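Okay, structure first, notes after.
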Amino acid sequence: MKCLVDVRSIWVLFWLLSSVVLSSYVIADDASGNDASDTDTFEINYFEINYDVTVEPETGLAHVVIKLSGDDLPSQLKLRLSDDRYKNLNSEQSLEIKGERAIWKPKAPESSLSYDFVIDEKKGKDRYDSKITDRWAILRSDKLIPPIAATLPKSLSSNASLEFHLPSDWSSAAPYDIIDSHHYALIDPGRRFIRPKGWLILGEISSRQDTFVDTNVRVAAPRGQNVRLQDSLAFLGWTLPTIKAVFPGFPSRLLIVSAGEPMWRGGLSGSFSLFMHADRPLISGNRTSSLIHEMIHVGTGIRGTRYSDWIVEGIAEYYAVEILRRTGAISERRFQGTMEELAEWGKESGNLLTGDSSGATTARAAVLMHQVDLEIRQATDNDASLDDVARGLAEQRGTVTVDGFINLAEKIAGTKLKTLAVVSNKE
């Protein structure tokens, strides 16, 4: 008797079996921030990641070795090498470089990949946002270790640490828990392939440290630059309680790195950390605060799209003034004067819907945030405010869209907001 097989049935069976196999694997994409793992039904196994970094002031390089160990390791890692700062990639395991991507396939029980990282990076013509000298280095660890997309089963996660090998008279400051000298434990809740993030300062440094409202704060700078570390620490003790009242999810650890020339003359936020140029005043002449502005970025953890950067920057700049008012640093009269000045400057902005908010656009957006605050307060008889919107965005973290911002603000207000009618809904 001849047996007939339905070819379509075979393909359906193949598809189902493939789905079962693939469903046990996910790509933890560090580049996008997405990690869709659901580990509730799995017993988690751990592997170890050690980021071993040797800093060489004489060459301007950091020699990086990513070491993996464990019974099970990710089957593939994709490193995003977005510029030419990563040199001489090498591994005894399979390593393929395709343009700005390096594809590494580690093998248990131990694997390693090494490369040289160029520390100096300019921001503008003559300023640096990453710099090494013979006495100190300032850089971001999420540039030192590039974004990594890891392919690994849902049942696999990592423990990670970052270790520096420095000249004998150098110290280190990083926004992580210390294991021992120059060796730090990395924690990134929700991510299974952990990568260091945030600002670092290495070298002959001075620092001050204290704890305010359950946040351990350290301010650090190259020794001998006459940076007012204690002034900054006192300012943080004064303002951080009010910031955390708006953003209760503010990190429990904060590192502030400061330096003078030739570093970029502004502020730049990072994970659990920020950089602030030594010449920036704690409160500027127009009654805003660059330091508070960057702390709001740290507290919200949000980023914009090509249409919504004004939301991210507008919230930060509005609270840079509002926190000063709430703490009594400026009077109501001066607050209103600042809003008027920002409104005048904002007239130079042709369009809010931008992916790179300029100074004028940020000023215009800050005034809009104040107007949204007033309208929400009026609609709710002061039961709600922009605080609730900003807090909601901070709880979501990640990317904020124009539609998402408007929907959240109007949900909290319980009505349509006329103030936001000037903004077209964009993703």
Side-chain angles (χ1 to χ4, degrees), residues 29-33 49-68 77-91 95-104 106 112-150 160 162-167 170 172-176 182 184 186 188 193-203 222 255 257 259 261-275 277 303 356:
D29 191 347
D30 189 79
S32 68
I49 310 173
N50 177 249
Y51 299 96
D52 189 276
V53 181
T54 301
V55 177
E56 302 173 346
E58 63 276 10
T59 64
L61 299 174
H63 182 67
V64 180
V65 183
I66 303 175
K67 302 176 181 179
L68 308 183
L77 299 175
K78 290 184 179 179
L79 287 72
R80 182 185 292 180
L81 313 174
S82 57
D83 53 39
D84 59 359
R85 300 175 74 186
Y86 307 95
K87 311 284 188 181
N88 306 319
L89 274 77
N90 184 54
S91 176
L95 178 64
E96 183 180 5
I97 300 176
K98 294 183 175 181
E100 294 184 347
R101 291 270 183 173
I103 302 173
W104 179 37
S112 64
L113 179 147
S114 64
Y115 59 88
D116 293 321
F117 176 75
V118 179
I119 294 178
D120 281 7
E121 183 179 49
K122 285 189 174 181
K123 185 177 177 66
K125 184 178 179 181
D126 300 313
R127 306 291 177 181
Y128 292 83
D129 65 356
S130 181
K131 180 68 179 173
I132 186 169
T133 73
D134 59 350
R135 297 183 60 192
W136 52 267
I138 292 175
L139 65 156
R140 289 177 63 145
S141 60
D142 39 324
K143 295 294 184 70
L144 177 68
I145 311 298
I148 299 174
L162 173 65
E163 185 170 8
F164 294 103
H165 304 279
L166 306 172
W170 280 33
S172 63
Y176 323 117
H182 310 321
Y184 298 88
L186 305 180
D188 194 355
F193 190 93
I194 298 174
R195 182 175 69 103
K197 298 174 183 177
W199 284 93
L200 304 169
I201 180 168
L202 314 169
L255 172 66
V257 175
E261 308 303 332
M263 298 301 292
W264 187 70
R265 298 181 65 85
L268 296 165
S269 62
S271 296
F272 316 112
S273 59
L274 62 91
F275 169 82
H277 193 277
R303 57 185 178 273
D356 186 13

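Just so we're clear, the structure is a prediction, and the values are computed from it rather than from any experiment.
Using modelled atom types, one side-chain atom of W199 and one backbone atom of L268 make a donor-acceptor pair closer than 3.5 Å. No donor-acceptor pair closer than 3.5 Å links the side chain of R140 to the backbone N or O of K197. Formation of a donor-acceptor pair under 3.5 Å by the S141 side chain with backbone atoms of G198 is found in this model. Distance alone, capped at 3.5 Å, is enough to place a donor-acceptor pair between the R195 side chain and the D142 backbone. Proximity of a side-chain donor or acceptor of D120 to a complementary backbone N or O of I132 within less than 3.5 Å is detected.
Side-chain atoms of L61 and V118, non-hydrogen and from C-beta on, do get closer than 4.5 Å to each other. F117 has its side chain out of reach of V53: every pair of non-hydrogen atoms, C-beta onward, lies at least 4.5 Å apart. Taking 4.5 Å as the limit, every side-chain heavy atom of E121 sits out of range of all side-chain heavy atoms of K123. Counting heavy atoms from C-beta on, the side chains of P262 and K131 come closer than 4.5 Å. Side-chain atoms of E163 and D52, non-hydrogen and from C-beta on, do get closer than 4.5 Å to each other.
Residue K78 qualifies as open at atom NZ: its count of foreign heavy atoms under 6.0 Å is 12 or below.
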Self-check item: Trace of the side chain to side chain contact (heavy atoms under 4.5 Å, CB included) decision for F275 with D129
Solution: CA-CA 9 Å; F275 169 82; D129 65 356; over 6 Å; no
Practice problem: Begin from the C-alpha positions of L166 and S172 and carry the test side chain to side chain contact (heavy atoms under 4.5 Å, CB included) through to its verdict. | Solution: CA-CA 9 Å; L166 306 172; S172 63; 4.1 Å; yes
Quiz item: Which is it for L186 and Y51 under the side chain to side chain contact (heavy atoms under 4.5 Å, CB included) test, yes or no, and what are the steps along the way?
Solution: CA-CA 10 Å; L186 305 180; Y51 299 96; 3.9 Å; yes
Quiz item: Could you walk me through whether L113 and L77 pass the side chain to side chain contact (heavy atoms under 4.5 Å, CB included) check?
Solution: CA-CA 11 Å; L113 179 147; L77 299 175; over 6 Å; no
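Note that CG of N90 is 13.5 Å distant from OH of Y115, once rounded to the nearest 0.5 Å. The line from CG of L79 to OH of Y86 is 9.0 Å long, rounded to the nearest 0.5 Å. Note: N88 CG to H63 NE2 = 9.0 Å, rounded to the nearest 0.5 Å. Rounded to the nearest 0.5 Å, atoms CG (N50) and CG (L162) are 8.0 Å apart. With rounding to the nearest 0.5 angstrom, the CD atom of E56 is 9.0 Å from the CD1 atom of I119. Note that CZ of R265 and NE2 of H277 are 4.5 Å apart. Values are rounded to the nearest 0.5 Å.
Contact between R80 and P146 at its shortest, heavy atoms only, is O-CB, 3.3 Å. L274 approaches S269 most closely through the heavy-atom pair CB-CA, 3.9 Å. Taking all atoms of both residues into account, the shortest heavy-atom contact from I66 to W104 is O-CH2, 3.8 Å.
Using cut-offs of 30° and 60° for the angle between ring planes, the Y176 and Y184 rings count as perpendicular.
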